[in-house]
Amino acid sequence: MSEELKTTNFIHDIIDADLASGKRTEVVTRFPPEPNGYLHIGHAKAICLDFGTAEKYNGKCHLRFDDTNPEAEDEEYVQAIQEDIKWLGFNWGENLFWASNYFDAMYEYAVRLINKGKAYVCELTQEEFKDYRGAPTEPGKEPPGRDRSIEENLELFEKMKNGGFKDGACVLRVKIDMTSPNLHLRDPAIYRIKTATHHNTGDKWCIYPMYDFAHCIEDSIEGVTHSMCTLEFEVHRPLYDWILRELDVFQPQQIEFSRLNLTYTVMSKRKLLELVNEKLVNGWDDPRMPTLCGMRRRGFSAESIRKLCDIVGCTKVESISEVELLESCVRDNLNENSLRAMAVVDPIKVVIENYPDELEEEFELPNHPQKEEKGKRTVPFSRELWIERTDYKDDAPNKFKGFTLGREVRLRGAYLATCNEVIKDADGEVTELRCTYDPETKGGSAPDGRKVKSTIHWVSAKHAVDTEVRLYDRLFTVENPLADKEADFKDFLNPESLQLITAKLEPGLAKAKPGTRFQFERVGYFCADKDSTEEAPVFNRTLTLRAPKKVM
RNA sequence: UGCCCGAUAGUGUAAUGGAAGCACAUGUGACUUUGACUCAUAGGGUCCAGGUUCGAACCCUGGUCGGGCAACCA
């Protein structure tokens, strides 16, 4: 946490100045998700900023659901969002709010604007509405009804509220300037009619406030001092300020920052929903998704996601961070914390010819090579083993770490062994290695001090646990699937983003609890999936180890 | 061709008128009972042109390039 408190950015500079000048005496922020989808790592940046800023200044951060559009929103998301924020490590305490709790206040505020002659009911169709608004380069025209009397507007607005109109028959607009160079100031609509059941207010309302009207009022009611949002709302800020000024209420400051983007993925809720709906991934929590629930299932730790958000900082520059940066944060954290184990993902058989058939031994291996305090585990050894197919090579170069005919290799934590014979099938595929071991090298070191550079992992065939392992890779094959505006981003989906295999695990892994993370030595980081059963675990590959230099 | 915003190594981000740093990535080497980790080391940057100043990444002017804005979405 102390590291996070040290972070600073242009927003904190603003806050420092506000505190120093006395403009503000406290800091209140808010994270305002719309419950219409799952949170992704882009949201994590906002969450870290909102909650982290409050923490830094001993202020408060509200969790507020921005539930102003019942058609898009669903209770399902409400729970998931709260779970994800908690998982990330943030706590809103008592400060859980709902935009829908302010619907009465918002209605009153709208009436107040009508009474000031600053809002009017407009019956233009959507087509006409657009037409009257004009274009960026052309001013709009004042719509008919713009100069209706206050009494008539009051009456019409009440009729809207009471269900006296069909959906879309009219809207309430704010009266600003149809010729403004800022399109958002050309009398934007602030209330629309929607006959929809709201997850919170039920059928009480058939009119719902729109974002521009609702959001600033929500912030104001809650006493938010600094309201952070993403760059696309920059042009909305004059409207945000206008509404609160006209209402003469507490005025929070909206500050915009750039979204987090990562290479080899997409960060739009709409596009992620598309992947889910078209079953191109297995749901929102598919470990390939950049959603927090997906990343959690993949095995990414909350700390590493927070670390990433810390490192990428916060600016107004639109950017795409390399996913390698995230991966580095994840590996750093996993290397530190995950226990080691041995698993063979692409097995070939090794028979130790001079090892007694009936003999079994148990070796003690450290759970973490740099952390003795993590203890040891016992791993059984016997005459037949599984090793990685990639750990044998005909005519291997000197630097190759693995078996080749006649070369002595260390079986990690067990013995030194030499391969004497290779058995291949008709296709020339290796099916078995015949080896001999040196009984004097128990534990893996030779009494005569001879150096053996290669160390490989293994699993006793007799004791191995067969299990499903899901090897995940990047979801897309290109850095920015959205770069080509002509193409469908789904065309760039990586066909090899999920590979199902059966691996051989050391027996101690059999009862791994879902969510437990391991490093399978020399293979990668893995996390027990929720699909694990009593009989056999299922593992997700979080990441490979850092890519080694190629030795061919 | 309107309005708004932005531009620092490949990427992300510091330096707030006073020596352009850091991280990731990349190259090389060392260590290693994980080709991991760790350690050492190298290369590489202020969009352009003017101006202000003893001094500019920073301030000013003009360009260039990139992004956003025309849902009854948020």
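Just so we're on the same page: letters track the sequence lines, and every chain starts at 1.
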Seminar exercise, completed: Test ring-ring contact (aromatic ring centres under 6.0 Å, His included), reference A/Y191, set A/F213, A/W205, A/Y109, output is A/F213
For this session: Decide whether a cation-pi geometry holds between A/K161 and A/Y107; the criteria are a distance under 6.0 Å from NZ or CZ to the six-membered ring centre and an angle within 45° of the ring axis.
Result: yes
For this session: Using the six-membered ring of A/Y132, assess whether NZ or CZ of A/K141 lies under 6.0 Å from its centre and within 45 degrees of the ring axis.
Result: yes
Exercise. Quick one: on RNA chain B, does A/E234 or A/S454 contact a more 5' nucleotide (nearest heavy atom)?
Worked result: A/E234
For this session: For B/A74 and B/G68, measure between their C1' atoms and round to the nearest Å.
Result: 15 Å
For this session: Classify the side-chain pair A/T455/A/R410 by whether it contains a donor and acceptor separated by less than 3.5 Å.
Result: yes
For this session: Compare side-chain N and O positions of A/R546 against OP1 and OP2 of B/C37 and report whether any pair is under 4.0 Å apart.
Result: yes
Problem set entry | B/U52: pairing nucleotide in any strand, Watson-Crick or G-U under 3.5 angstrom | none
Exercise. When we call it a touch if two heavy atoms are under 4.0 Å apart, what does A/L365 touch: a base, just sugar-phosphate, or nothing?
Worked result: nothing
Problem set entry | Pairwise P distance, B/U11 and B/G66 [rounded to whole Å] | 15 Å
Problem set entry | Under 4.0 angstrom between A/R522 side-chain N/O and B/G35 OP1 or OP2 | yes
Exercise. Is the shortest heavy-atom distance from the side chain of A/I176 to the side chain of A/P188 under 4.5 Å?
Worked result: yes
Exercise. How is A/P238 classified with respect to the nucleic acid when contacts are heavy atoms under 4.0 Å: base, sugar-phosphate, or nothing?
Worked result: nothing
Problem set entry | Length of the NE2-P vector between A/H184 and B/A71, whole Å | 9 Å
Exercise. When we call it a touch if two heavy atoms are under 4.0 Å apart, what does A/Y208 touch: a base, just sugar-phosphate, or nothing?
Worked result: nothing
Exercise. Looking across every strand, which nucleic acid part, if any, lies under 4.0 Å from A/Q126 by heavy atom: base, sugar-phosphate, or nothing?
Worked result: base
Exercise. Taking the same atom, P, in B/G6 and in B/A71, what whole-Å distance lies between them?
Worked result: 25 Å
For this session: Any strand is fair game: report the nucleotide pairing with B/U38 by Watson-Crick or G-U wobble, both distances under 3.5 Å, or none.
Result: B/A30
Exercise. What nucleotide among B/U34, B/A74, B/G6 has an atom nearest to a side-chain atom of A/K316?
Worked result: B/G6
Exercise. If the P atom of B/G51 is compared with that of B/G17, how far apart are they to the nearest Å?
Worked result: 23 Å
For this session: Check whether the side chain of A/E232 and the base of B/G67 form a donor-acceptor pair under 3.5 Å.
Result: no
Exercise. Side-chain donor or acceptor of A/Q370 under 3.5 Å from a matching atom on the base of B/A36?
Worked result: yes
Seminar exercise, completed: To the nearest angstrom, the CZ-C1' distance between A/F157 and B/C72 comes to 13 Å
Problem set entry | Sugar-phosphate, base or nothing in reach of A/V171, heavy atoms under 4.0 Å | base
Exercise. With a non-hydrogen cut-off below 4.0 angstrom, is A/K453 in contact with a base, only sugar-phosphate, or nothing?
Worked result: nothing
Exercise. Within 45 degrees of the axis of the six-membered ring of A/Y120 and under 6.0 Å from its centre: does A/R148 put its NZ or CZ there?
Worked result: no
Problem set entry | Residues A/T29 and A/D50: side-chain donor-acceptor under 3.5 angstrom | no
Exercise. So what does A/L183 touch, heavy atoms closer than 4.0 Å: a base, only the sugar-phosphate, or nothing?
Worked result: base
Problem set entry | Pairing partner of B/C3 (Watson-Crick or G-U wobble, both distances under 3.5 Å) | B/G68
For this session: Tell me whether B/A71 sits syn or anti, counting syn as a glycosidic angle within 90° of 0.
Result: syn
Exercise. How about A/F520 and A/Y525: are their ring centres within less than 6.0 Å of each other?
Worked result: no
For this session: Using a cut-off of strictly less than 4.0 Å, decide whether A/R340 has a side-chain nitrogen or oxygen near OP1 or OP2 of B/C37.
Result: no
Exercise. Checking all strands, does A/T315 fall into the base, sugar-phosphate, or nothing category for heavy-atom contacts under 4.0 angstrom?
Worked result: sugar-phosphate
For this session: Round to a whole Å and report the spacing from CD of A/E71 to P of B/C72.
Result: 13 Å
Exercise. Does A/R133 make a side-chain N or O approach to OP1 or OP2 of B/A71 shorter than 4.0 Å?
Worked result: yes
Exercise. Counting any heavy atom closer than 4.0 Å, what does A/I190 reach on the DNA or RNA strands: base, sugar-phosphate only, or nothing?
Worked result: nothing
For this session: Check whether any side-chain N or O of A/T263 sits under 4.0 Å from OP1 or OP2 of B/U11, and answer yes or no.
Result: no
Seminar exercise, completed: Testing B/C4, B/C72, B/G67 for proximity to the side chain of A/E318, the answer is B/G67
Exercise. Base, sugar-phosphate, or nothing: which does A/D212 touch, judged by heavy atoms less than 4.0 Å apart?
Worked result: nothing
Exercise. Counting any heavy atom closer than 4.0 Å, what does A/K130 reach on the DNA or RNA strands: base, sugar-phosphate only, or nothing?
Worked result: sugar-phosphate
Exercise. What integer distance in Å separates A/H457:NE2 from B/U34:P?
Worked result: 13 Å
For this session: Name the nucleic acid region contacted by A/D66, choosing base, sugar-phosphate or nothing; use a 4.0 angstrom heavy-atom cut-off, strictly under.
Result: sugar-phosphate
Exercise. Can you check the A/L272 CG to B/A74 P distance for me, whole Å?
Worked result: 20 Å
For this session: Please measure how far the P atom in B/A57 lies from the corresponding atom in B/A15, and state the result in whole Å.
Result: 15 Å
Seminar exercise, completed: Considering only heavy side-chain atoms of A/S328, the closest of B/A36, B/A23, B/A25 is B/A25
Problem set entry | Sugar-phosphate, base or nothing in reach of A/V312, heavy atoms under 4.0 Å | sugar-phosphate
Exercise. Among the nucleotides B/C73, B/A25, B/U34, which one has an atom lying closest to any side-chain atom of A/K194?
Worked result: B/C73
For this session: Take atom CG of A/D310 and atom C1' of B/A14, then tell me their distance rounded to the nearest Å.
Result: 13 Å
Problem set entry | Rounded C1' spacing from B/C3 to B/U8 in Å | 28 Å
Problem set entry | Integer angstrom distance from the P of B/U64 to that of B/U41 | 45 Å
Problem set entry | Below 4.0 Å: OP1/OP2 of B/U33 and any side-chain N or O of A/S445 | no
Seminar exercise, completed: With the side chain defined as heavy atoms from C-beta on, A/V235 is closest, among B/A70, B/C4, B/C24, to B/C4
Exercise. Where each residue is assigned the nucleotide of RNA chain B containing its nearest heavy atom, which of A/R331 and A/C314 is assigned the position nearer the 5′ end?
Worked result: A/C314
Exercise. Under a 3.5 Å cut-off for both distances, is B/A57 Watson-Crick or wobble paired, and to whom?
Worked result: none
Exercise. Going by heavy atoms in the side chains, are A/P136 and A/L183 under 4.5 Å from each other?
Worked result: yes
Exercise. Nearest-Å distance, CZ (A/F257) to C1' (B/G6)?
Worked result: 16 Å
Seminar exercise, completed: With the side chain defined as heavy atoms from C-beta on, A/P369 is closest, among B/A25, B/U34, B/C72, to B/U34
Exercise. Which whole number of Å gives the distance between the P atom of B/C5 and that of B/A9?
Worked result: 23 Å
Problem set entry | Rounded distance (Å) that lies between atom P of B/C37 and atom CG of A/L339 | 18 Å
Exercise. With a 4.0 Å cut-off on heavy atoms, is A/M210 in touch with a base, just the backbone sugar-phosphate, or nothing at all?
Worked result: sugar-phosphate
Exercise. Using 30° and 60° as the class limits, which term best fits the ring planes of A/H199 and A/W98: parallel, tilted or perpendicular?
Worked result: tilted
